[in-house]
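To keep things clear, I will list the structure first and then write my remarks on it.
Below, read A as the first sequence line, B as the second, and so on, with proteins coming before strands; counting in each chain starts at 1.
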2 protein chains.
Amino acid sequence: MKRHGNQLEWALHCAVVLAGLDAGKRLSAGSLAELHGVPPKYLAKALQLLANAEIVNSAPGPKGGYCLAKSADEISVLDVVDAVEGGEPLFRCQEIRRRGPCQSIGAKHFAKSCQIADVMWRAEEAWRAELARVTLADIGQRVLTEVSVKVLGVVQDWVDAQTT
Amino acid sequence: MKRHGNQLEWALHCAVVLAGLDAGKRLSAGSLAELHGVPPKYLAKALQLLANAEIVNSAPGPKGGYCLAKSADEISVLDVVDAVEGGEPLFRCQEIRRRGPCQSIGAKHFAKSCQIADVMWRAEEAWRAELARVTLADIGQRVLTEVSVKVLGVVQDWVDAQTT
DNA sequence: TGATTGCAGACAATAAATATCCATAATAGT
DNA sequence: ACTATTATGGATATTTATTGTCTGCAATCA
C-alpha cells in the first residue's frame, strides 16, 4: 500500500495559505518554503504540480510567485491530492489470481475484476469522497475559528512582510 | 501518500484461499506462493505477519503450513491490512505548521491537531470503515458466485493435490 | 541590464520496498 | 534415531521510490 509523502502535506499547507492570501498578492516558492521549514527547490516541484493541475497560478519575475487559480471553495482537498500524487490508486491489483495453475485458463474466464481489488477500490472511493467534500475554503474557515489569535497574527504579519 | 504494495495483495489472496480451505487442512507458504506466482521466501514474510496478528495459524513440519486462526466471518479485510501494513496511517502529519516564523511560539498555542491532518485522517477513517465492514467470508461468498466454474474447479483441484 | 522568479530536465542521495539466505526449531514419517 | 519438510527470525542484498539538488532557460520588473 502506498502512503502519502511529505510533498502532499507541503502542497496542502501551501494551498491553504494561498487561500488566505489577500486578493492580488502572491507568495514565492522560497517564501512558502521558509514559512513551512522545507527545502525550497523541492517544494518548488510540488508547486509546479499544482500549477500544472491549474490549482494555482504562477508568475515569474520579481513580485512573481503563486496565488490560487480559482476560488478557494472551488478547490477540494482531493484536487490537491490528485495533483501531487498523480491520481494513482492506493491499491494496485496485479491480477495474481491468474498466475500459477490458472495461467493456462483463457482470459474470458476472468472477465470481472478481482473481488479483492473490488473491496480495496470501494474503500478508496469512500476515502476520495471524503476528500472531495472538503474545500480549501472549508479548511480556511476552520483555521480562523480554531487557531489561536497569537499564531494567526504571527503568520499574517510574516506573510505581509513577504508580499510587501 | 503511500500506495498498497504487493505483500498486501498477496496476503489478502492467501487469506481468502485459506478461508475456502476444508476444515483441518493446511497450505504451506511454498504452495501459496506457487498458486499466486510470487517469490516463496518473501511471501513467507507476509504470512508471518498474519500469524503474528493471529489471523492465521501456522504449524511446522511435513503436513504443516497455514490455516485460518478463526472463522472467516470474524476476520475483516482491515484486519489483514493492518497486520501487513503495521497499522500505520496513510497520511503522516509532520507538524510543519510549527516551523518557520511559528517555531518560537509556545506549544500550548498548537493544542488542537492540524486542520489539514484532520481532513486527511477523517478520510482515512472512512477508508478503514469500508475495509472493516467486509470479511473474508463476504469475499469468499462473492468469489463462489462470481468466478467461473472453470477457474473454481482448477483451483480446487490444485489445492486438493497440495493438501493430499 | 541586472536581479528575481518560475519551469523543466538531469542528476545525486536517501529511504523504503522487495527479495534472498541462513541457522534454528518443530513435526511427521520411517 | 534419522531424514525430510516446514515455519521462524535475523541478517543481508537488490531494486525501486522518494527526497533533494543543480543547471540552463524564459519571463518579469525596476
Can you figure out which of [options] approaches the side chain of [X] most closely?
{"X": "A:W10", "options": "C:dT18, D:dA7, D:dG20", "answer": "D:dG20"}
{"X": "B:Y66", "options": "C:dG6, D:dT6, D:dT8", "answer": "D:dT8"}
{"X": "A:P62", "options": "C:dT20, D:dT28, D:dT19", "answer": "D:dT28"}

Please tell me if [X] has a side-chain N or O lying less than 4.0 Å from either OP1 or OP2 of [N].
{"X": "B:Q48", "N": "D:dA7", "value": "no"}
{"X": "B:S58", "N": "D:dT8", "value": "yes"}
{"X": "B:Y42", "N": "D:dA13", "value": "no"}

Checklist line | Salt-bridge criterion met for B:K112 and B:D118 (N-O under 4.0 Å) | finding: no
Item checked: Crowding at CD, A:E95 (>12 non-hydrogen neighbours, <6.0 Å) -> yes
Margin query: For B:E146, I'd like to know if atom CD has over 12 heavy atoms of other residues, nucleotides or ligands within 6.0 Å.
Written below: yes
Nearest whole Å is fine: how far is [N] [atom2] from [X] [atom1]?
{"X": "B:L49", "N": "D:dG10", "atom1": "CG", "atom2": "P", "value": "12 Å"}
{"X": "A:L27", "N": "C:dT4", "atom1": "CG", "atom2": "C1'", "value": "15 Å"}
{"X": "A:E85", "N": "D:dT19", "atom1": "CD", "atom2": "P", "value": "9 Å"}
{"X": "B:Q7", "N": "C:dA16", "atom1": "CD", "atom2": "C1'", "value": "12 Å"}
{"X": "A:I96", "N": "C:dT18", "atom1": "CD1", "atom2": "P", "value": "12 Å"}
{"X": "B:L47", "N": "C:dT18", "atom1": "CG", "atom2": "C1'", "value": "15 Å"}
{"X": "B:K41", "N": "D:dA13", "atom1": "NZ", "atom2": "C1'", "value": "14 Å"}
{"X": "A:N57", "N": "C:dG6", "atom1": "CG", "atom2": "P", "value": "12 Å"}

Checklist line | Minimum heavy-atom distance between A:I105 and A:H109, given as atom pair plus value | finding: CG2-CD2, 3.5 Å
Item checked: Straight-line distance of B:S148 OG to A:F110 CZ, nearest 0.5 Å -> 7.0 Å
Note to self: Students often get this wrong, so: under 4.0 angstrom with heavy atoms, is A:A44 touching a base, only sugar-phosphate, or nothing?
What the structure shows: nothing
Next item on the list: Would you kindly compare A:K63 and B:G64 by the position of their nearest DNA chain C nucleotide and give the one closer to the 5′ end?
Entry: A:K63
Margin query: Ignoring hydrogens and geometry beyond distance, is the side chain of A:K45 in donor-acceptor contact with the base of C:dG9 at under 3.5 Å?
Written below: yes
